[in-house]
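Position 1 is the first residue of the sequence; numbering continues from there. Keep in mind that this is a model prediction, so the values were computed, not measured. Side-chain atoms are counted along with the backbone in the values below, which use heavy atoms only and exclude waters and symmetry mates.
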Amino acid sequence: MNKILIWSIIVAMAGFLFGFDTVVISGADQQLQNLWKSSDVFHGSVVMAMALWGTVIGAMFGGIPTNKIGRKNTLVWIGVLYTVSALGSSLVNDPYTFAFFRFIGGLGVGASTVAAPAYVSEIAPAKDRGRLVGFYQFNIVLGILIAFLSNYLMSNIGENAWRWMVGVEAIPAFIYTLLVLTVPKSPRWLLLHGKREEARKVLALLNPGGNIEKLMSDIEEGQKDHHSSNENIFMKKYRFPLLLAFLIAFFNQLSGINAFLYYAPRIFQEAGLGESTALLSSIGIGVTNMVFTLIGISLIDKLGRKKLMYIGSVGYILSLSLVAMAFFFEWEGMSVPIFLFVFIASHAIGQGTVIWVFISEVFPDQLRASGQSFGTSTHWVLAAIIPSMVPFLFSTIGAGTVFAIFAFMMVLQLLFVMFIMPETKGKSLEELESILTKNK
């Protein structure tokens, strides 16, 4: 178990870089807009959102290398993309080249949401799978917190502060790339590609003292039931897992989480806080996110995925409704930050903890990367569209209306959890494959 834990943590570092890369731009947001004198539309859709469009492409096509060259090799290349992106975007002098290097980093983010959860779900025992895959989400929020803190510490170092903000990511990216070279290949991927001897050695490491031949036989039997070059996730028998992956990703972004993380300082300033207080409040958001993610990870294999989603949905509805009211009725002081702290806690303990675990569980071995790619593509298409619209929407319909729409979408999420979402806690990947592919 110690080896599995260490390898899971190393692979989950891709999540740290995901979180850092996604949020670090918030500190440079207004500085870059002023530097390049960009319009709200250009700044939102190109400078700020280009990384997210890279993430969409990375998520859409990340399943191809994850299947072809393997989960591990894909993770190594993800580290290279992060490193190149951080160095490149810190050295440029125009918005277009900056957007290009941010796009490269986005490719790494998108591919990591396919390869990292798939890898960990395939090496983890069923009873610990939620917690171990959950380390990926913990690393995302740790990266978010460190990005907010880093931005705050570098905010007053001069006109080139933004270069240091985005460039410092190269250090953890390089360390991650070296570490991920030390993890073994996924045994399920090896068996899918007929590499039985190599798979046997990895399974022996994962299950010391276990019946390796029986374990291999069980995995191969499950793979054989669906192993066909003509199979794809859009076949009728995979309709239910496809629907589950789509809906959980859809509602994740319709909560407004990425819009909020990208523009946290701007949202706090809209609520009447000064620039310095807004940046400090952003750090508080990062701490809240990390604490409640830890709580979610500790509960996911005890309470299950569905109960955490219930808790998160109710918290979303209450907090987003209060944020909308605060903007509508112009409540002063710390009301908006407090309500948004409740919002981020609700996200962290529910959707934040559950999404990557759940999507990695609902598809069979040979279609896991494709299914993960579909779910994460849905997530990232919306994550690119929604934040790019925030400056425009805030200046037209107003922040209150935007948050009211998010609150309504979370009522729909609650109905999804109540009537559609199954519980996957404690079941092996083979059991889930049997249940979900036959579900009518």
On the 0 to 90° scale, with breaks at 30° and 60°, tag the W36-W162 ring pair as parallel, tilted or perpendicular. perpendicular

So F394 and F403, would you call those rings parallel, tilted or perpendicular, with 30° and 60° as cut-offs?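 If you compare the ring of F394 with that of F403, the planes turn out tilted.
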
Taking the side chain as everything from C-beta on, heavy atoms only, tell me whether [X] gets closer than 4.5 Å to [Y].
X    : Y    : result
W189 : T66  : no
L32  : M48  : no
L294 : F138 : yes
I10  : T182 : yes
S8   : I123 : yes
I144 : T22  : no
P184 : Y119 : yes
Q372 : P117 : yes

Taking all non-hydrogen atoms of both residues into account, name the closest pair between [X] and [Y] and its distance.
X    : Y    : answer
V114 : A369 : CG1-O, 3.6 Å
K306 : E423 : N-OE1, 3.0 Å
S360 : V133 : OG-CG1, 4.2 Å
D301 : G130 : OD1-N, 3.2 Å
L432 : K427 : CD2-CD, 3.6 Å
I300 : R305 : O-NH1, 3.2 Å

Run the numbers on L318 and F343 for side-chain contact (heavy atoms from CB on, under 4.5 Å), then give the verdict. CA-CA 8 Å; L318 292 174; F343 164 73; over 6 Å; no

Ring centre gap for W380 and F18 strictly below 6.0 Å: yes

Taking the six-membered ring for Trp, are F103 and F98 ring centroids under 6.0 Å apart?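 No - the distance between ring centres of F103 and F98 does not fall below the 6.0 Å cut-off.
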
Does [X] [atom1] have over 12 foreign heavy atoms under 6.0 Å away?
X    : atom1 : result
F42  : CZ    : yes
M389 : CE    : no
F174 : CZ    : no
I69  : CD1   : yes

Please test R200 against E197 for salt bridge (charged side-chain N to carboxylate O under 4.0 Å, His left out), starting from the C-alpha separation and ending with a verdict. CA-CA 5 Å; R200 181 181 284 107; E197 285 308 309; 2.4 Å; yes

I'd like to know if the side chain of S373 and the backbone of A59 have a donor-acceptor N/O pair within less than 3.5 Å. yes

Under the criterion side-chain contact (heavy atoms from CB on, under 4.5 Å), which of L206, V183, L205 is the partner of K3?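 That would be L205.
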
Passing candidate, side-chain contact (heavy atoms from CB on, under 4.5 Å) with S112, options L81, I140, I78: I78

Are [X] and [Y] close enough that a side-chain donor and a side-chain acceptor fall under 3.5 Å?
X    : Y    : value
Q413 : S313 : yes
S186 : E122 : yes
E231 : Y238 : yes

Run the side-chain contact (heavy atoms from CB on, under 4.5 Å) check on D21 and F16 step by step: do they pass? CA-CA 8 Å; D21 192 85; F16 175 89; over 6 Å; no

Where do H347 and N252 land on the side-chain contact (heavy atoms from CB on, under 4.5 Å) test, with the steps shown first? CA-CA 8 Å; H347 173 80; N252 183 286; 3.8 Å; yes

Can you tell me how far apart CD1 (I355) and NE2 (H379) are? Round to the nearest 0.5 Å.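 Spacing of CD1 (I355) from NE2 (H379) equals 4.5 Å.
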
Salt bridge or not between E430 and R188? Use side-chain N to carboxylate O under 4.0 Å. yes

Can you name the one residue among R129, E361, E431 that meets side-chain hydrogen bond (donor to acceptor under 3.5 Å, both in side chains) with T424?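 Going through R129, E361, E431 one by one, the side-chain hydrogen bond (donor to acceptor under 3.5 Å, both in side chains) with T424 is satisfied by E361 alone.
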
Please walk me through it: do T293 and I297 pass side-chain contact (heavy atoms from CB on, under 4.5 Å)? CA-CA 6 Å; T293 297; I297 290 170; 3.9 Å; yes

